[in-house]
Amino acid sequence: MKVSILYHSVSGNTITVSELIKEGAVQHENVEAKCMSIEDLDLDFLNESKIVFFGTPTYSGSLTWQMSKFIETSKINWKNKVCSVFATEKHLGGGADFAELSVIAHMLVKGMFVYSVGASEGLPYTHFGAVCIQNGSEDEKQVERAILYGNRVVKNVIAEFKL
Ligand SMILES: Cc1cc2nc3c(=O)[nH]c(=O)nc-3n(C[C@H](O)[C@H](O)[C@H](O)COP(=O)(O)O)c2cc1C
């Protein structure tokens, strides 16, 4: 099963988190995951993916305008793929949750299934998706949460969709 991890990133933090999510995703058998900038997509891989993670930095308390433009202007058929989101921010409470919800709102309109595991599997919770302050790589808990996020989302989608 293919898993695409799409990100927008200027200073690299969101790339770092996308790699952590990939690390968790590929812990399952027969899963191939690819991190891709929204500016440099492997369209064949993306079209064949059942799960698409979207990662955005937080700009002014929301998703970046580049991610918004990408979603609005791309001609990709998102229908019936699973959408899962993550966001980075600079400050605790800087708006990453709202950035994630904004991506989710877009992707509901595009006909995707939205999934975050939430609090259903105990700590660490990933309410709307994984959030990292900056790239999170110097904080063991943030690293653990991002890896586990990739792992849990993929595990449950495989089980529920019988993939
Ligand atoms: C134009 C701009 C607006 C930003 N607005 C916020 C914000 O509202 N809240 C916040 O916590 N961080 C904000 N940041 C910080 C970024 O969200 C944070 O550094 C992020 O991890 C950058 O991701 P990247 O390294 O992948 O580009 C802003 C950064 C920029 C450049």
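Numbering of ligands and ligand atoms starts at 1, following listing order.
Between Phe54 and Trp78, a ring centre-to-centre spacing shorter than 6.0 Å is recorded. Under the 6.0 Å cut-off for aromatic ring centres, Phe113 and Phe161 qualify, their centroids lying closer than that.
Looking only at atom types and distance, the side chain of Thr88 has a donor-acceptor partner in the side chain of Thr14 under 3.5 Å away.
Taking every heavy atom of both residues into account, Tyr149 and Val85 meet most closely at OH-O, 3.0 Å.
Identified under the side-chain hydrogen bond (donor to acceptor under 3.5 Å, both in side chains) test for residues 65-76, with sequence neighbours left out: Glu72-His106.
Using a cutoff of 4.0 Å between basic side-chain nitrogens and carboxylate oxygens, Glu121 and Lys155 are scored as salt-bridged.
The residues lining ligand 1, counting any heavy atom closer than 4.0 Å, are Ser9, Val10, Ser11, Gly12, Asn13, Thr14, Pro57, Thr58, Tyr59, Ser60, Gly61, Thr88, Glu89, Lys90, His91, Gly94, Gln134.
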